[in-house]
Peer 1: 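The following block contains the structure, expressed as structure tokens.
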Amino acid sequence: MKTLTTPYLLRFALVAIVLTIVFRYFLSYGIESRMTGVIVLSAIGYGVGMFFAGWHFGKKDGEFLPIADVGFRFHLTTYIVHNVLSELWFVAGFNSRYEKISTIHAITACWGVFLLLHLVFYLWARKRSIDGLRKEDLFE
């Protein structure tokens, strides 16, 4: 059986942890200081950083383990890392006094809907593959 956890996915998870902690710090700082620029720049920086990390490690991962996963494992990893760290951020009391945990829960729920849609797409792609491998990789 093929493994679903690869060295590249684990490296991506570590980068995601670091980027999420940096994002949460600057987001809370921006909210506490009421600095819209810091909030916007931290969100853009986080999005761009996560995109390029996913692109880099996803490309390497596709070469290492050529399965038809359409990035679902990376999306799921990002979802778990971001939401667990956001919850822990509040538990540790690092949040701004203007932040509410209900915002984190709403983001988790909305993002979960998109993750479920991605799961459906992933299952559809797997169904169209042979044992999880892309047909093009098998019959070259």
Side-chain angles (χ1 to χ4, degrees):
M1 177 173 162
K2 295 176 294 301
T3 180
L4 294 179
T5 303
T6 64
Y8 298 106
L9 183 62
L10 295 175
R11 290 178 191 150
F12 171 76
L14 290 174
V15 169
I17 289 169
V18 170
L19 287 174
T20 302
I21 290 171
V22 170
F23 167 68
R24 289 293 322 165
Y25 173 79
F26 283 105
L27 180 67
S28 292
Y29 172 77
I31 292 171
E32 184 68 29
S33 304
R34 297 181 184 243
M35 298 175 70
T36 306
V38 172
I39 296 168
V40 170
L41 286 176
S42 67
I44 291 171
Y46 181 65
V48 168
M50 290 298 290
F51 174 80
F52 282 112
W55 188 17
H56 173 73
F57 290 113
K59 185 176 179 183
K60 298 266 187 204
D61 190 68
E63 296 167 0
F64 178 79
L65 184 65
I67 61 172
D69 82 336
V70 295
F72 179 73
R73 293 176 303 120
F74 284 81
H75 189 177
L76 179 62
T77 301
T78 305
Y79 179 81
I80 291 169
V81 166
H82 178 82
N83 292 311
V84 166
L85 287 177
S86 292
E87 290 283 341
L88 291 174
W89 195 260
F90 274 80
V91 169
F94 295 144
N95 58 300
S96 164
R97 62 184 156 179
Y98 303 111
E99 290 179 273
K100 294 183 177 149
I101 193 71
S102 61
T103 305
I104 298 299
H105 296 155
I107 290 168
T108 300
C110 291
W111 191 350
V113 169
F114 289 105
L115 186 65
L116 284 174
L117 290 172
H118 198 166
L119 175 63
V120 169
F121 186 66
Y122 163 70
L123 293 174
W124 178 76
R126 258 186 72 185
K127 187 175 181 181
R128 298 188 68 217
S129 65
I130 298 172
D131 197 27
L133 298 172
R134 293 184 288 269
K135 293 175 186 176
E136 302 84 43
D137 293 337
L138 292 174
F139 303 111
E140 289 181 354

Peer 1: Please confirm whether the ring centroid of Tyr46 lies under 6.0 Å from the ring centroid of His82.
Peer 2: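 Between Tyr46 and His82, the centre distance is under 6.0 Å.
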Peer 1: If you take all heavy atoms of Leu9 and Thr5, which pair is closest and at what distance?
Peer 2: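 The answer is CD2-CA, 4.3 Å.
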Peer 1: List the steps, then state whether ring-ring contact (aromatic ring centres under 6.0 Å, His included) holds for Tyr79 with His118.
Peer 2: CA-CA 12 Å; Tyr79 179 81; His118 198 166; over 10 Å; no
Peer 1: Check step by step if side-chain contact (heavy atoms from CB on, under 4.5 Å) holds for Phe74 and Asp61.
Peer 2: CA-CA 10 Å; Phe74 284 81; Asp61 190 68; 3.7 Å; yes
Peer 1: Nearest 0.5 Å, what's the OG1-CG distance between Thr77 and Leu10?
Peer 2: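 Output value for this atom pair is 8.5 Å.
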Peer 1: Test side-chain contact (heavy atoms from CB on, under 4.5 Å) on Leu115 and Leu119 and set out the steps.
Peer 2: CA-CA 6 Å; Leu115 186 65; Leu119 175 63; 5.9 Å; no
Peer 1: Show every donor-acceptor pair shorter than 3.5 Å between a side-chain atom in residues 51-60 and any protein atom, with sequence neighbours excluded, or say none if there are none.
Peer 2:
none

Peer 1: Listing request: all salt bridge (charged side-chain N to carboxylate O under 4.0 Å, His left out) pairs with a residue in residues 32-57, at least two apart in sequence or in separate chains.
Peer 2: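 Found Glu32-Arg97.
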Peer 1: Heavy-atom count around Phe26 CZ within 6.0 Å, excluding the residue itself: above 12?
Peer 2: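 For Phe26, atom CZ is not crowded (no more than 12 foreign heavy atoms under 6.0 Å).
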Peer 1: Ala43 and Phe23: which non-hydrogen atoms are nearest, and at how many Å?
Peer 2: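 Minimum heavy-atom separation between Ala43 and Phe23: CA-CE1, 3.7 Å.
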Peer 1: Could you pull out all residues at least two apart from Phe94 that satisfy ring-ring contact (aromatic ring centres under 6.0 Å, His included)?
Peer 2: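 ring-ring contact (aromatic ring centres under 6.0 Å, His included) check on Phe94 returns Trp89.
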Peer 1: How close do Ser96 and Ser28 get, heavy atom to heavy atom, and via which atoms?
Peer 2: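 Taking every non-hydrogen atom into account, CB-O, 3.6 Å.
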Peer 1: Hey, could you give me the CD/CZ distance between Glu99 and Phe90, rounded to the nearest 0.5 Å?
Peer 2: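 One finds 4.5 Å between CD of Glu99 and CZ of Phe90.
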Peer 1: Which heavy atom of Ala13 sits nearest a heavy atom of Val81, and at what distance?
Peer 2: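 Taking Ala13 first and Val81 second, the nearest heavy atoms are O-CG2, 4.4 Å.
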Peer 1: Keeping Ser42 on the side-chain end and Ile39 on the backbone end, is there a donor-acceptor pair under 3.5 Å?
Peer 2: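 Checking the backbone N and O of Ile39 against the side chain of Ser42, a donor-acceptor pair under 3.5 Å is found.
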